[in-house]
S.K.: 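Before I ask anything, let me first share the structure, which is written out below as structure tokens.
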Number of protein chains: 2
Amino acid sequence: MSDVARTAGVSVATVSKVVNGRYGVAQATVERVQQVIHELGYEASLGAQSLRSHRTNVLGILVAEFEPFSTELLKGASREVAGSGYQLLAYSSGDGEGAAIGWERRSLARLSGTLIDGAVIVTPTVIETKHGFHVVAVDPHTGPSGLPTVDSDNFAGAVLATNYLLALGHRRIGHISGRPDLESARLREAGFRKAMADAGVAVDERIVRVGGFRTESAAGTAAELLTLPDRPTAIFAGNDLSAISTMDVARSMGLTVPDDLSVIGFDNIPESALVNPPLTTIMQPLQRMGAESLRLLIDLIAGVERDTHIRLPTELVVRASCRAHP
Amino acid sequence: MSDVARTAGVSVATVSKVVNGRYGVAQATVERVQQVIHELGYEASLGAQSLRSHRTNVLGILVAEFEPFSTELLKGASREVAGSGYQLLAYSSGDGEGAAIGWERRSLARLSGTLIDGAVIVTPTVIETKHGFHVVAVDPHTGPSGLPTVDSDNFAGAVLATNYLLALGHRRIGHISGRPDLESARLREAGFRKAMADAGVAVDERIVRVGGFRTESAAGTAAELLTLPDRPTAIFAGNDLSAISTMDVARSMGLTVPDDLSVIGFDNIPESALVNPPLTTIMQPLQRMGAESLRLLIDLIAGVERDTHIRLPTELVVRASCRAHP
DNA sequence: GAGTGATTCGAAAACGTTATCGATACCGAT
DNA sequence: ATCGGTATCGATAACGTTTTCGAATCACTC
């Protein structure tokens, strides 16, 4: 910056004003300085800016892992950030079930404190929100975090899914749920039970089990369900990953979907349209959720008054993994 | 930091030494200071550190867009970075074909100069490498960039794919290539031509066309090829995305894969195993490429002497999208 | 031509670190 | 006692910005 100042024949103070568009510098000077900045290819040092002004115009989005779900969110978020004047940085907290939580939490806190103005978190990782640092949670960890939140209507979606299965004539419906410390997983299970109860169908506790939201863990649970003497005729999987995993397991056991078993998922990740058979599922508007969370974060930083809990609607997407029960 | 210093009864200089593990502070003092750091939850300011020492222990990885290809790379990279003492930040350069290139380039340059110690770039975006800033390119833009590079053997992989099709008895083989300014795209086309020539089969120029590496653009090209009076019996698509797109187009035209048309892809993104029929393709070890590029970057920063061009092998993955030509 | 207000600019402090280097204390040996 | 050497520690100057505030200039007005 002092280079710029020298060659433009002004002081660093003036250069700073020009860079930040502050009032109080003559038009002629502005142009001259901008010219020099362009020629010299000057870029302000983020570190120094942050140090002095506690503002970097950089936002973070923290995901547990790079998988389809978070990737969709990222797409939406990075589309929203374009043109907002902010820069978006994504980081993964490491493994989902992760080992080195301590280390990750620490380095995360470091970034937060000093280098980004706010963050969207898409992971159960708890983060202590320092003063002046904004964070919004997507699909958050259970419990009264009090954080601004973006999610979809998991409960209603689960009711949708279950009702669809019921309407097809299924009565023995199994459920593979996510980790119970995930709010979304609990809501989906609750929606499932509600729909069953409303239809007057008793749920057999032996065929609702925790499977986790990840491919491998769900596979084990699916295998358990399907080897039961009187196996379910339909399964509502807690998310698409476990639904896909369930279909794999079914196939490997000689069962064909949807003839021998109906499967419905939740999320509508892009993969769901590709698998064979294409997966019937509940759509969450993932990209839109990503975009909304970023918009919320930006508004929060700007101090605009607004609703800090956004719930987006879910929708049934009928494809080919379910059929009527004879 | 001065808070820590005060409550521990030492100077900030000593605290700094403790934080960085420098020699020259008594064991007792180290422990006391660490105790206080822990109690106060002190975290060093990245900005200030960067400002003073020009080192942040943060690495960046820049992708054009969050799609399956780069997501796999990200996975590999974030796995490799764990335990290395570095933190990894991902950013998307915005849209692949992107509008606001200028703005992106600028903010990218800002990050580079001040906030990260080095970067892996997975995009044709050119980046001027300032002094002391290391970058390694994955699957890089064409031309003699001189950058350290990680890629896979695109040429050999294309030969593999073409030979496979030839061995199945196909002679009318079409090729949908990527943007010609991508080195990988050119190499794949070159490999295709080489294999054809070696087999003594003439390539019909009307059935090798640029389709781009993206779903939508490839669909158009695929449609053109398949409506030709004597359409190809097999298509070697430049990457999996366009292969999948080609299968979609074929299906929508009433053609069944592989009976009426064989399709082979390139990359082996996870989706390829899921589509119907499962896609035969050439595997690039994407996660490994991500990991290797990060390792290379770290080594470069550490100043270790090593080979700066890494080429990983490709492999034929036979699934169900190709069959013998009658 | 002196006074007034508006405009434009720059000197300097501060942000939170790290590196240098001199100061101090302590130890054993002469 | 004095001294040389070691271990330990702290004062201080940077690093590149932003911000405040006073100084300087200028254009007017009476």
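Lettering of chains follows the sequences in order, A, B, ..., and the numbering in each one begins at 1.
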S.K.: Test A:Glu80 against every option in A:Lys75, A:Arg288, A:Arg295 by the salt bridge (Lys or Arg N to Asp or Glu O under 4.0 Å) rule and name the one that passes.
M.R.: A:Arg295

S.K.: Tell me: CG of A:Asn57 to P of D:dT18, nearest whole Å?
M.R.: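 Rounded to whole Å, this separation is 11 Å.
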
S.K.: Distance alone, cut at 3.5 Å: any donor-acceptor contact between the side chains of A:Thr56 and A:Asp117?
M.R.: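 There is such a pair (donor and acceptor under 3.5 Å, judged by atom type) between the side chains of A:Thr56 and A:Asp117.
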
S.K.: Does the side chain of A:Glu31 pick up a donor-acceptor pair with the side chain of A:Gln27 at under 3.5 Å?
M.R.: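 Note: A:Glu31 and A:Gln27 side chains meet the donor-acceptor criterion.
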
S.K.: Could you say whether A:Arg22 or B:Arg32 is positioned toward the 5' end of DNA chain D, judged by the nucleotide with the nearest heavy atom to each?
M.R.: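 Here B:Arg32 is the residue nearer the 5' end.
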
S.K.: Is A:Thr14 reaching over with its side chain to a backbone N or O of A:Val10, donor-acceptor style, under 3.5 angstrom?
M.R.: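 Answer holds: no.
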
S.K.: Between B:Tyr42 and B:Val36, does the side-chain contact (heavy atoms from CB on, under 4.5 Å) criterion hold? Intermediate values first, please.
M.R.: CA-CA 8 Å; B:Tyr42 162 79; B:Val36 176; over 6 Å; no

S.K.: Find the distance A:Lys17:NZ to C:dA11:C1' and express it as a whole number of Å.
M.R.: 11 Å

S.K.: Looking at the side chain of A:Thr29, which of D:dC9, C:dC9, C:dA12 is the nearest nucleotide?
M.R.: C:dC9

S.K.: Starting from C1' on D:dT8, measure out to OH on B:Tyr23 and report it in whole angstrom.
M.R.: 9 Å

S.K.: Considering every strand and a 4.0 Å limit on heavy-atom distances, what is the contact class for A:Ala26: base, sugar-phosphate, or nothing?
M.R.: sugar-phosphate

S.K.: Without decimals, in angstroms, what is the distance between A:Asn20 CG and D:dG16 C1'?
M.R.: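 About 13 Å, once rounded to whole Å.
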
S.K.: Can B:Arg214 and B:Glu65 be counted as an ion pair, charged N to O under 4.0 angstrom?
M.R.: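 A salt bridge is present here (some side-chain N lies under 4.0 Å from a carboxylate O).
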
S.K.: List in numerical order all residues of residues 48-55 of chain A for which some heavy atom is under 4.0 Å away from an atom belonging to DNA chain C.
M.R.: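 Output list: A:Leu51, A:Arg52.
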
S.K.: Starting at atom CG of A:Leu115, determine the distance to atom C1' of C:dC15, rounded to an integer number of angstrom.
M.R.: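 Atom-to-atom, A:Leu115 to C:dC15, this comes out as 15 Å.
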
S.K.: Could you check which residues of residues 1-12 of chain B get a heavy atom under 4.0 Å from DNA chain C? Sort them by number, please.
M.R.: B:Met1

S.K.: Looking for any heavy atom pair under 4.0 Å, which part of the strands does A:Ser45 touch: base, sugar-phosphate only, or nothing?
M.R.: sugar-phosphate

S.K.: Return no unless some side-chain N or O of B:Thr14 is found under 4.0 Å from OP1 or OP2 of D:dG10.
M.R.: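 B:Thr14 to D:dG10 OP1/OP2: side-chain N or O found under 4.0 Å.
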
